[in-house]
Enquirer: 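Take this structure first; my questions come after.
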Amino acid sequence: MAVRSAEPTFAELFTPKLVTILREGYGLLDLRADAIAGLTVAIVALPLSMAIAIASGVTPDRGLFAAIVGGFLVSLLGGSRFQIGGPAGAFIVLVAATVERHGVDGLLLATMMSGVFLMAIGYLRLGTYIKYIPYPVTIGFTAGIAVIIFASQLKELLGLTLEGKEPGAIVPKVLALAEALPTINVAAAAVTLITVGLILTVRRTRPHWPALLIAVGAAAVASWVLGLPVETIGTRFGGIPNSLPLPELPTFSADKALAVLPDAVAFALLGAIESLLSAVVADSMSGRRHRSNCELVAQGVANIASPLFGGICVTGTIARTATNVRSAARGPVAGMLHAVFLLLFMLVAAPLASFIPLSALAAVLAVVAWNMAEKHEFATLLRASRGDAVVLMATFLLVVFRDLTEGIVVGFGIGALLFLHRMAQAVEIESGRPSLEEDRADAVGADARLPYDAGMASDPDVMVYRISGAFFFGAAATVGSVLDQLAEHPKAYVLDVSEVPMLDSTAAITIEGFVRKAHGKGAAVYIAGARKQVLRALLTHGVRRPRVKFRTTVADAIRDAHAKPGGPRIATAAVEA
């Protein structure tokens with residue numbers, strides 16, 4: 001049977017997940033679970049928000065304002081159950097460059113404009129097209145951002161003193177920092193090492209404890225008790241306020257808006273990619289599905305509201321969202337409470353923040369950069385195929401040495417060209433006489449499809465998915481959606497990929513996620529008819545035994561499924577890639 005879903009209405013597309021959760025029924029036990037998850041995420045977000053703001057060239061309180069105001073609105077209005085909004089490391093480079101060119105007022109104006117663009121993208125239903133960004137591009141720009149973040153923190157990590165202003169470009173920056181090595185502050189470097197060591201130790205020995213907050217708190221206590229000669233939030237910024245400021249519009253003029261327009265477009269582009277990528281991560285961890293366009297509208301509202309209170313850019317944050325899911329959150333209320341807890345922390349503990357060493361916050365960002373570098377995925381893509389490696393390295397190198405937006409655009413362009421090349425190579429031409437292809441019976445040869453059986457449509461214990469056509473990044477979201485919708489609790493899945501001429505890394509990741517979820521539900525998974533190129537891509541991306549079994553034909557796979565004790569009957573579905 002072919003699966004066709006009715007076109008969703010406007011209300012269905014843009015109804016916040018909070019409304020969905022309340023309609024499902026929300027009780028005290030759910031509130032308790034969300035409160036615990038929200039507190040856990042807030043403890044993680046507190047040092048991160050300040051560290052990201054400082055690395056972006058603004059005061060630490062602006063990071064907290066963004067996490068409180070933006071984070072609350074993202075969860076209140078968003079299309080994801082578990083998304084946590086706030087300042088993200090991915091924005092550090094763009095925010096710092098905008099502040100350097102246009103000042104803080106220009107940054108706030110650009111952020112508000114990006115919010116308008118994000119709302120427009122969402123309401124025009126363009127968020128769906130974010131799926132066309134190839135997987136190697138997302139890994140390349142994420143790894144590139146990680147390198148830039150780490151390089152930006154070297155000065156604080158070592159307590160270096162530069163004669164002039166620190167260069168923005170990475171090559172001049174590294175050269176200037178190398179020249180300043182004789183000015184290293186031993187105390188700051190020691191605080192860095194202790195902070196990193198504590199984070200790694202706590203995560204290894206007590207994984208459920210707030211490692212970031214413990215490490216930063218210990219560094220603050222040590223620097224205060226020992227009187228270490230290191231820069232702190234208090235010595236550089238004079239501390240942080242203990243309340244939210246009153247909302248205020250940033251300075252606006254037509255000339256200023258035109259000047260910051262490129263930055264606003266870059267904020268919107270990166271915010272859309274980062275937030276939807278974070279929502280996809282939450283989906284893969286929880287088995288739920290988000291509403292991409294509703295999520296973009298919420299991100300837009302958050303980026304309009306955050307600058308009103310002096311906050312910086314807001315987007316979905318992958319690490320904090322993953323923490324929220326792992327903390328057993330039930331829905332968006334956890335994200336809303338995370339913002340409330342951050343506000344309470346700021347109201348109560350603002351004076352204590354003055355003692356936090358900047359080298360400790362830099363150490364937090366260094367660990368974040370290491371974790372966000374996607375090292376395993378990077379290495380896997382380098383081995384996957386020459387085309388994926390070219391897209392990956394072009395994006396990565398351009399992000400590091402040129403510009404983030406340029407890296408994404410060029411990577412996407414190369415990915416599109418490579419796809420066209422692959423499609424041309426995938427065309428198969430059969431020759432022989434007679435010149436017109438002869439009619440063939442449905443059940444001829446080893447590769448024949450099973451004849452129709454009424455029982456196949458009425459008993460979905462075994463689902464046979466037949467994927468036809470080129471399975472690439474453009475089709476991955478559609479196929480993944482269908483795979484998630486069909487059959488609630490089957491005992492076995494059979495994926496017939498005999499008519500898939502090519503499969504790229506994004507499609508392989510989609511199948512890997514499906515296999516992982518099916519395996520978690522105790523269902524057997526068989527893949528039938530995989531060609532050599534398809535098989536190689538699947539194996540490279542972790543689709544292998546024992547979670548999946550490869551068979552030559554669908555008949556073999558079904559025979560194996562029936563050979564198991566209590567073998568079920570069969571239902572089929574066709575998926576056009």
Enquirer: With side-chain hydrogen bond (donor to acceptor under 3.5 Å, both in side chains) as the criterion, how do T20 and R291 come out once you've worked through the C-alpha distance, each side chain's angles and the decisive distance to 0.1 Å?
Expert: CA-CA 11 Å; T20 303; R291 302 185 186 109; 3.0 Å; yes

Enquirer: Is there side-chain contact between Y135 and D388, with at least one heavy-atom pair below 4.5 Å?
Expert: no

Enquirer: May I ask you to decide if G115's main-chain N or O and Q299's side chain share a donor-acceptor pair within less than 3.5 Å?
Expert: no

Enquirer: What's the shortest heavy-atom distance between D30 and R330, and which atoms?
Expert: OD1-NH1, 2.6 Å

Enquirer: Nearest 0.5 Å, what's the CG-CG distance between L94 and L270?
Expert: 6.0 Å

Enquirer: Check whether any side-chain heavy atom of M336 sits under 4.5 Å from a side-chain heavy atom of L18, and report yes or no.
Expert: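 The answer is yes; the side chains approach within 4.5 Å.
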
Enquirer: Set out, in order, the CA-CA distance, both residues' side-chain angles and the distance that settles side-chain contact (heavy atoms from CB on, under 4.5 Å) for L48 and V368, then state yes or no.
Expert: CA-CA 9 Å; L48 266 181; V368 169; 3.4 Å; yes

Enquirer: Does the R62 side chain pair with the main chain of G310, one donor and one acceptor, at a distance under 3.5 Å?
Expert: yes

Enquirer: Rounded to the nearest 0.5 Å, how far does CG of L108 lie from OG of S306?
Expert: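 The distance works out to 8.0 Å.
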
Enquirer: For I121 and N293, which heavy atoms make the closest approach, and how far apart are they?
Expert: O-OD1, 4.0 Å

Enquirer: Taking side chain as C-beta onward, heavy atoms only, is I145 less than 4.5 Å from M372?
Expert: yes

Enquirer: Roughly how far, to the nearest 0.5 Å, is the CG atom of L296 from the OG1 atom of T315?
Expert: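 Taking OG1 in T315 and CG in L296, the distance rounds to 9.0 Å.
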
Enquirer: Should F91 and F267 count as side-chain neighbours, where that means a heavy-atom distance under 4.5 Å?
Expert: yes

Enquirer: If you measure only the distance, is there a donor-acceptor pair under 3.5 Å linking the side chains of D496 and S498?
Expert: yes

Enquirer: Counting distance only, does the side-chain N/O of E295 pair as donor-acceptor with the main-chain N or O of G79 below 3.5 Å?
Expert: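 It does hold such a pair.
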
Enquirer: Go through it in stages, so that I can follow the logic: the residues are M502 and V534, the test is side-chain contact (heavy atoms from CB on, under 4.5 Å), and I'd like the CA-CA distance, side-chain angles, deciding distance and then a yes or no.
Expert: CA-CA 6 Å; M502 59 83 63; V534 172; 5.8 Å; no

Enquirer: Quick check: do I92 and I148 have side-chain heavy atoms less than 4.5 Å from each other?
Expert: no

Enquirer: To the nearest 0.5 angstrom, please state how far the CG atom of L495 sits from the CZ atom of F471.
Expert: 9.0 Å

Enquirer: Restricting to side chain to side chain contact (heavy atoms under 4.5 Å, CB included), what partner residues turn up for A416, sequence neighbours left out?
Expert: none

Enquirer: Give a yes-or-no answer on whether the side chains of D263 and T98 include a donor-acceptor pair shorter than 3.5 Å.
Expert: yes

Enquirer: To the nearest 0.5 Å, what is the distance between CG on L64 and CZ on F345?
Expert: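 If I round to the nearest 0.5 Å, the distance is 11.0 Å.
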
Enquirer: Any side-chain heavy atom of I304 within less than 4.5 Å of one from L118?
Expert: no

Enquirer: Kindly determine whether F65 and M346 satisfy side-chain contact (heavy atoms from CB on, under 4.5 Å), including the steps that lead there.
Expert: CA-CA 10 Å; F65 298 157; M346 190 175 68; 3.8 Å; yes

Enquirer: What residue among V74, V44, T321, T323 forms side chain to side chain contact (heavy atoms under 4.5 Å, CB included) with I84?
Expert: T321

Enquirer: Could you tell me which non-hydrogen atom of Y465 sits nearest to which non-hydrogen atom of F514, and how far apart they are?
Expert: CE1-CZ, 3.5 Å

Enquirer: Kindly assign one of parallel, tilted or perpendicular to the pair F14 and Y123, based on the angle between their ring planes and the thresholds 30° and 60°.
Expert: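 The arrangement is tilted - the two ring planes meet at 30° to 60°.
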
Enquirer: Using every non-hydrogen atom in the two residues, find where N324 and A334 come nearest and quote the distance to one decimal.
Expert: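 So the two residues come closest at OD1-CB, 3.5 Å.
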
Enquirer: Taking S275 for the side chain and A272 for the main chain, is one N or O donor matched with an acceptor at less than 3.5 Å?
Expert: yes

Enquirer: Going by the rule salt bridge (charged side-chain N to carboxylate O under 4.0 Å, His left out), which residues pair with E406 if we only count those two or more places apart in sequence or in a different chain?
Expert: R402

Enquirer: Got M119 and N303 here, is their nearest side-chain heavy-atom distance under 4.5 Å?
Expert: no

Enquirer: Checking V265 now: which residues fulfil side chain to side chain contact (heavy atoms under 4.5 Å, CB included) with it, not counting sequence neighbours?
Expert: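 F117, L261.
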
Enquirer: Grab the two heavy atoms, one from P307 and one from T111, that are nearest each other, plus how far apart they are.
Expert: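 Answer, listing the atom of P307 first, then T111: CG-CG2, 3.6 Å.
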
Enquirer: Cut-off 3.5 Å, side chains only: do D34 and Y26 have a donor facing an acceptor?
Expert: yes

Enquirer: Provide the closest heavy-atom pair for A110 versus A264 in the form atom of the first, atom of the second, distance.
Expert: O-CB, 3.4 Å

Enquirer: Does any part of the side chain of L337, heavy atoms only, come nearer than 4.5 Å to the side chain of L39, both counted from C-beta?
Expert: no

Enquirer: Going by atom types only, do Q83 and S278 share a side-chain donor-acceptor pair under 3.5 Å?
Expert: yes

Enquirer: Between E377 and S505, does a side-chain contact (heavy atoms from CB on, under 4.5 Å) hold up when you go through it step by step?
Expert: CA-CA 10 Å; E377 290 78 3; S505 58; over 6 Å; no

Enquirer: Test E512 against R516 for salt bridge (charged side-chain N to carboxylate O under 4.0 Å, His left out), laying out the working first.
Expert: CA-CA 6 Å; E512 192 275 337; R516 185 175 63 251; 2.6 Å; yes

Enquirer: Check whether more than 12 heavy atoms from other residues, nucleotides or ligands sit under 6.0 Å from atom CG of L124, and answer yes or no.
Expert: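 Count over threshold, so yes.
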
Enquirer: Would you compute the distance between atom NZ of K17 and atom CG of L22 and round it to the nearest 0.5 angstrom?
Expert: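 Reported value, rounded in 0.5 Å steps: 12.5 Å.
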
Enquirer: Have R81 and S75 got a donor and an acceptor in their side chains that come within less than 3.5 Å?
Expert: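 Side chains of R81 and S75: no pair found under 3.5 Å.
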
